Amino acid sequence: MLPIIRNAIPGDIDTIHEILLPYAREELILARTKDDIAQSLHAFYVAAHNSHISGVISYYDYGDRLKEVRSLAVRKSMAKSGIGSLLLKHLISELRALCPEPKIFVLTYSPVFFIKNGFVEVPRETLPEKIWKDCDHCKNRHNCGETALIFENNK
Ligand SMILES: CC(C)(COP(=O)(O)OP(=O)(O)OC[C@H]1O[C@@H](n2cnc3c(N)ncnc32)[C@H](O)[C@@H]1OP(=O)(O)O)[C@@H](O)C(=O)NCCC(=O)NCCS
């Protein structure tokens, strides 16, 4: 059965942290502390089967039309069953409701998943400089393997 996607609530913070942590340790996504999650909770959505949460997604709003997909993760035990795509589709429709023509981008080590969901690869330099602020703290900043993609299916 597919989960419902809903806004995160304060009671989800520990579970969101728990789902993100293994992937942050593998350096597939940025580490998020519980405080950090709490402060940006309004931007988090979860995939829930009743009380069980199987996945999470978030975004960062750079203002204007620019929105970044962040902290997308599905429990390993539930991978490849469509939950990541459901979360991403839900986020995109929420971002479109916020802003008529959002420019939605992602920096990721999983480009194939995003391409299957309507994103296209773009040269990193085409994204505005303000998005690189987090990179200053990254040990891989001089040898970054992340791919930049933007959501193209803006119909
Ligand atoms: C990326 C991730 C969220 C995908 O979630 P998921 O629920 O497994 O994805 P879906 O089941 O919706 O997959 C949709 C398609 O993408 C493919 N896919 C999923 N994860 C993939 C990956 N890491 N690499 C390549 N293809 C992937 C699936 O096989 C599926 O293809 P199909 O339609 O041809 O069968 C999940 O693998 C994950 O949590 N990865 C670790 C964290 C991460 O990399 N997050 C993204 C960075 S922002």
Side-chain angles (χ1 to χ4, degrees), residues 1-8 12-34 36-37 39-62 65-96 98 102-124 126-128 130-141 143-154:
M1 196 180 72
L2 285 173
I4 59 146
I5 312 299
R6 61 162 175 79
N7 291 75
D12 298 327
I13 292 170
D14 286 354
T15 308
I16 292 172
H17 184 256
E18 177 210 322
I19 292 175
L20 296 177
L21 194 59
Y23 296 119
R25 286 191 174 136
E26 290 173 39
E27 299 188 359
L28 285 175
I29 55 178
L30 269 186
R32 308 287 301 256
T33 64
K34 289 184 189 177
D36 174 24
I37 295 166
Q39 275 167 28
S40 45
L41 199 62
H42 64 279
F44 274 89
Y45 299 88
V46 296
H49 307 254
N50 298 317
S51 60
H52 180 77
I53 294 177
S54 52
V56 52
I57 195 166
S58 181
Y59 71 95
Y60 186 80
D61 192 344
Y62 283 92
R65 297 162 47 221
L66 194 61
K67 324 282 172 197
E68 179 181 11
V69 178
R70 281 195 178 173
S71 301
L72 169 58
V74 172
R75 284 186 195 276
K76 291 187 188 220
S77 58
M78 309 285 283
K80 309 260 166 105
S81 51
I83 297 166
S85 299
L86 264 186
L87 282 160
L88 186 56
K89 284 187 175 72
H90 184 87
L91 177 65
I92 289 166
S93 84
E94 293 282 308
L95 293 177
R96 283 174 158 169
L98 280 179
K103 182 171 177 181
I104 302 170
F105 75 95
V106 67
L107 300 170
T108 184
Y109 293 105
S110 307
V112 174
F113 166 79
F114 285 93
I115 289 166
K116 288 187 172 187
N117 280 286
F119 283 69
V120 290
E121 188 173 341
V122 292
R124 296 162 56 94
T126 61
L127 295 172
K130 61 184 169 183
I131 73 163
W132 306 116
K133 66 179 170 51
D134 286 339
C135 302
D136 293 343
H137 313 293
C138 178
K139 65 181 170 53
N140 299 327
R141 64 189 176 281
N143 186 24
C144 175
E146 284 189 317
T147 302
L149 302 104
I150 59 165
F151 183 61
E152 195 186 53
N153 185 11
N154 239 351

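All values below were derived from every heavy atom in this structure, side-chain atoms included, with hydrogens, water molecules and symmetry-related copies excluded. For ligands, and for the atoms within them, numbers begin at 1 and follow the listed sequence. Keep in mind that what you see is a predicted model, and the values were worked out from it rather than measured.
- Backbone and side-chain nitrogen or oxygen atoms of Val69 are examined, and none is located within less than 3.5 angstrom of a nitrogen or oxygen of ligand 1.
- Neither the backbone nor the side chain of Leu86 comes within contact range of ligand 1; no heavy atom lies under 4.0 Å.
- Minimum interatomic distance between Val69 and Val106 (heavy atoms only, all atoms of both residues): O-CG2, 3.7 Å.
- Each of the atoms 11 (O) of ligand 1 lies under 4.0 Å from some heavy atom of Ser81.
- Among protein heavy atoms, the minimum distance from atom 38 (C) of ligand 1 is reached at Val74 N, 4.0 Å.
- Proximity annotation for atom 32 (P) of ligand 1: of Lys116, Glu146, Arg75, Lys116 comes nearest, heavy atoms only.
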- I would like to know whether Arg70 and Ser40 meet side-chain hydrogen bond (donor to acceptor under 3.5 Å, both in side chains); could you show each step before the answer? CA-CA 11 Å; Arg70 281 195 178 173; Ser40 45; over 6 Å; no

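- Ranking protein heavy atoms by distance to atom 7 (O) of ligand 1, first place goes to Gly84 N, 2.7 Å.
- Residue Ser71 does not touch ligand 1, judged by heavy-atom distances below 4.0 Å.
- The ring pair (Phe, Tyr, Trp, His ring centres under 6.0 Å) test with Phe151 is passed by exactly one of Tyr59, Phe105, Phe119, Phe114: Phe119.
- Within the set Gly55, Ser58, Ala79, Ser85, the minimum heavy-atom distance to atom 10 (P) of ligand 1 is found for Ser85.
- Of the candidates Phe113, Phe114, Tyr109, the one placing a heavy atom closest to atom 27 (C) of ligand 1 is Phe113.
- Nearest non-hydrogen protein atom to atom 44 (O) of ligand 1 is Ser110 OG, 2.9 Å.
- Residues Leu66 and Asp61 come closest through the heavy atom pair O-OD1, 3.7 Å.
- His49 and His52 have tilted rings, their planes meeting at an angle from 30° to 60° on a 0 to 90° scale.
- Rounding to the nearest 0.5 angstrom, the gap separating the NZ atom in Lys76 from the CD1 atom in Ile19 is 12.5 Å.
- In this structure, the protein non-hydrogen atom closest to atom 43 (C) of ligand 1 is Leu72 O, 3.7 Å.
- Smallest separation of non-hydrogen atoms from Leu20 and Arg32: CD1-CG, 3.8 Å.
- Protein heavy atoms are found inside the 4.0 Å sphere centred on atom 47 (C) of ligand 1.
- Closest of all the heavy-atom pairs between Glu27 and Tyr109 is O-CE1, 3.3 Å.
- Here the heavy atom of the protein found nearest to atom 28 (C) of ligand 1 is Lys80 CD, 3.7 Å.
- Closest approach of Leu87 to Gly55, counting heavy atoms only: CD1-C, 3.6 Å.
- The contact set between ligand 1 and Thr108, taken as ligand atoms under 4.0 Å from a residue heavy atom, comprises 46 (C), 47 (C).
- The N/O atoms of Gly82, backbone and side chain alike, include one that comes under 3.5 Å of an N/O atom in ligand 1.
- Using a distance-only test at 3.5 Å, with no hydrogens or angles considered, a donor-acceptor pair links the side chain of Tyr23 to the main chain of Val74.
- A distance of 9.0 Å separates CD1 of Ile16 from OG of Ser71, quoted to the nearest 0.5 Å.
- Atom 35 (O) of ligand 1 lies below 4.0 Å from none of the non-hydrogen atoms of the protein.
- Within a 4.0 Å radius of atom 24 (N) of ligand 1, the protein contributes no non-hydrogen atoms.
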